[in-house]
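All remarks here apply to the structure that follows.
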Protein chains: 2
Amino acid sequence: MIRQPTIRQVAALAGVSPSTVSRVLNGNDGQHMRPATRDRVLEAIHELDYTPQRAARSLRRQRSQVLAILLPDISNPFFALLARGVEAVAFDAGCSTLICDSDNLVPKETRYLSLLLAERVQGVVLVPVAQPDRDAIDRLARCGVRVVVADREVRGLPTISADNRAGSRMLTEHLLELGYRQIAYIAGPSDVSTANDRLAGFLDALRARNMSPVCVRHSPYTYESAYATAKAILARSVLDAIVAANDLMAVGVMRAAEELGRAVPDDLGVAGFDHVPWAAFVRPRLTTVEVPARHMGTEAARMLLEGSVESLLLPVRIIPGETCSRRSMR
Amino acid sequence: MIRQPTIRQVAALAGVSPSTVSRVLNGNDGQHMRPATRDRVLEAIHELDYTPQRAARSLRRQRSQVLAILLPDISNPFFALLARGVEAVAFDAGCSTLICDSDNLVPKETRYLSLLLAERVQGVVLVPVAQPDRDAIDRLARCGVRVVVADREVRGLPTISADNRAGSRMLTEHLLELGYRQIAYIAGPSDVSTANDRLAGFLDALRARNMSPVCVRHSPYTYESAYATAKAILARSVLDAIVAANDLMAVGVMRAAEELGRAVPDDLGVAGFDHVPWAAFVRPRLTTVEVPARHMGTEAARMLLEGSVESLLLPVRIIPGETCSRRSMR
DNA sequence: CTGAAAGCGCTAACAC
DNA sequence: GTGTTAGCGCTTTCAG
């Protein structure tokens, strides 16, 4: 097991001191480093195939070249896309990316927050399970570890999110224009901001026309719960459309409708939210709202690296599909 | 910006030396540390809410408590599941997990391999794009950074993979039992071992019956290419089934069949591979083979942590679906 | 059973 | 412009 060369060996080979090597490594060529010196150092670095050891640098600087993304479930494609955005920006900046999966568990999220302090990461992109542990976040802040919340809002913390409320309002207006009138809404969990914002946007659109929903149900952001909820409300109420708070739930609604003999979109309009990639495989094609997951990740990472974290609201876009289509007035 | 407490402060508060604190931290309570001493240290740690700084430990030990997963695309749900497995095991062992997305680019993969050496990670779970850079891997090995390949095989390196060949053979036998006879195969890229193994298994099954495929086409593991390939071969050949090398491609085949007016499964049987979660949303339900992605991740991580890396072949399971069903002999 | 001391590889004052 | 020096916080011989 051979040891990699150190900065001292590079210095020796180049006939300079370690600090000089350090300077060229970090672009602190002072005001004007003699080009010949620089070249000799570069040559020595190349010769030895030298790479600085991150741990030593981190210890000295009290800060590692690492970004972290802490999210509820990496196997959810929406979050995976967001993580991809973070990783891409981090990589270009020469940083590594830690992936922290809280598994939708607040205690695990809290434990990860402590771990990230121990790692002295540059910054954390946090997609919280619900309301995150404030103590843990405060301790990070006290040590200069920046935290930016993505996708879901947390009061008092800078957040990069999509304009869920406006998106949901526009989506609902789209359904209304198509002639749908008896609309039910299956919302996400009430402790998640996106769920509340999307519900609010839905209600905004109805209220603007002096209408009200046939019914509103909260449920987790899952296929199964949406499937069960849809079955229940379709059995009990007269309605011509169901809007679900995300695509996964919308597909659950489609299956429920199918099993109850309600044809989509003729007998029932269905809409989702997120525009996740796999949704493109479902037929009929889902009417939904595109949320720029990857873009949220890149923006969050960029802010963390630049040290200028401030809230940002990203625009969304309606994706018309086949699950909602014009219908005659009844 | 406040500094976190150090081991010296803990030692001072407990009235012991830093080495003693270090010993309780690492469970090296020597042979028998006086319980009273231990308790005082523990108390001080708790009192100060002390967490050891990872960078210092890593520098001293010349090894960080970090595992890395280097894969072609984290937004591919199959790889995301594998990553989830790695992360779960790492977390339970008190390790962090670096996520490295090579974006299906060998040069980026190589650059990440260097970065991971600079990070002195404990180990790397590598899902290679194709044949990885041997030099980079050798340098890791020389520094004691263990590498285990997952999912795709690389000659000369320990690999955790699924039994793709047997799975593909069983799947093909399943189609044959259902009465399908004129079968085409859309394979994955020929520089990826899983693609070759799956193709080999398919051919094994046919050969055992003295049959041969209507045609075999290589293509990247993508929806679009499978869609285009299926359109082409359906126009040109007489066939009653198409087996695709993964689920994504199988869905591409389904769409192509649909557009050409070939009903699935009556007019055309379709099969995939992987059993990724979103495939459950496609109708008719896909006949496929379950590959234990998450399990591959947990096993790989466990080996890396235990330091006993050796190849492992995991069993797979046929998932019968609606895209293949019994048909009368023609 | 516990303490003292050295040093991992790097950077950042501070000299010259 | 470049070298010298002093640590960052931890672990680990080696003493005792």
Side-chain angles (χ1 to χ4, degrees), chain A residues 1-42 44-45 48-66 94 117-120 143-144, chain B residues 1-42 44-45 48-66 94 117-120 143-144:
Chain A
M1 189 175 126
I2 298 155
R3 280 272 249 265
Q4 289 289 107
T6 75
I7 203 171
R8 300 186 71 87
Q9 298 175 41
V10 176
L13 182 59
V16 298
S17 76
S19 20
T20 300
V21 178
S22 174
R23 282 190 266 260
V24 346
L25 246 27
N26 298 290
N28 300 340
D29 320 36
Q31 311 338 333
H32 316 276
M33 172 178 293
R34 197 170 297 165
T37 314
R38 244 180 66 93
D39 290 348
R40 262 184 303 135
V41 171
L42 256 11
I45 287 173
L48 297 175
D49 203 9
Y50 166 78
T51 325
Q53 193 169 313
R54 298 278 174 130
R57 175 177 290 183
S58 302
L59 177 59
R60 181 59 230 234
R61 293 206 191 142
Q62 288 296 300
R63 177 114 297 124
S64 65
Q65 286 181 285
V66 175
L117 175 58
E119 294 273 8
R120 296 290 190 281
C143 276
Chain B
M1 190 175 125
I2 298 155
R3 281 272 249 264
Q4 288 288 107
T6 76
I7 203 171
R8 301 186 71 86
Q9 297 174 43
V10 175
L13 182 58
V16 298
S17 76
S19 13
T20 300
V21 178
S22 175
R23 281 190 266 260
V24 346
L25 246 30
N26 297 293
N28 300 341
D29 322 33
Q31 313 334 336
H32 317 277
M33 174 177 292
R34 198 170 297 165
T37 313
R38 243 180 67 94
D39 290 348
R40 261 185 302 137
V41 170
L42 257 12
I45 287 173
L48 297 175
D49 203 8
Y50 167 78
T51 324
Q53 194 170 313
R54 298 278 174 128
R57 174 178 289 182
S58 301
L59 176 59
R60 181 57 230 234
R61 292 207 189 138
Q62 288 296 300
R63 175 114 298 123
S64 66
Q65 286 181 285
V66 175
L117 175 58
E119 294 273 9
R120 296 290 190 280
C143 277

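We name chains A, B, ... by the order of the sequence lines, and we start the count at 1 in each one.
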ask   = Contact class for Thr37(A) (heavy atom, under 4.0 Å): base, sugar-phosphate, or nothing?
value = sugar-phosphate
note = Residue set satisfying side chain to side chain contact (heavy atoms under 4.5 Å, CB included) with Ala11(A), at least two apart, ordered chain then number -> Val16(A), Pro18(A), Val21(A)
ask   = To the nearest 10 degrees, how far apart in direction are the end axes of the helix from dC1(C)-dG16(D) to dC16(C)-dG1(D), each fit to five base pairs?
value = 40°
query = What residues form a side-chain hydrogen bond (donor to acceptor under 3.5 Å, both in side chains) with Arg60(B), not counting sequence neighbours?
reply = none
ask   = Considering residues at least two apart in sequence or located in another chain, which fulfil the side-chain hydrogen bond (donor to acceptor under 3.5 Å, both in side chains) criterion with Gln53(A)?
value = Gln62(B), Arg120(B)
task = State which residues pass side-chain hydrogen bond (donor to acceptor under 3.5 Å, both in side chains) with Ser22(B); sequence neighbours excluded, sorted by chain then number.
result = Asn26(B)
task = Mark up nucleotides 8-16 of chain C, 5' to 3', with B wherever a protein heavy atom is under 4.0 angstrom from a base atom, S wherever such an atom reaches only the sugar-phosphate, and - elsewhere.
result = BBBBB----
ask   = Is Thr20(B) near enough to dC1(C) that one of its side-chain N or O atoms lies under 4.0 angstrom from OP1 or OP2?
value = no
ask   = Residues in side chain to side chain contact (heavy atoms under 4.5 Å, CB included) with Gln9(A), at least two apart?
value = Pro5(A), Thr6(A), Leu48(A)
query = Taking only residues two or more places apart in sequence, or in another chain, which ones meet Asp49(B) in a salt bridge (charged side-chain N to carboxylate O under 4.0 Å, His left out)?
reply = Arg139(A)
inquiry  = Could you work out, with side-chain hydrogen bond (donor to acceptor under 3.5 Å, both in side chains) as the rule, every residue matching Thr51(B), not counting sequence neighbours?
reply    = none
message = Please report the distance, rounded to the nearest Å, between CZ in Arg34(B) and C1' in dC1(C).
response = 7 Å
Value in whole Å for how far the C1' atom of dT2(C) lies from CZ of Arg38(B) = 15 Å
ask   = Hey, does Val41(B) have a side-chain heavy atom less than 4.5 Å from the side chain of Met33(B)?
value = no
Gap between atoms CG and C1', on Leu117(A) and dG9(D) respectively (whole Å) = 14 Å
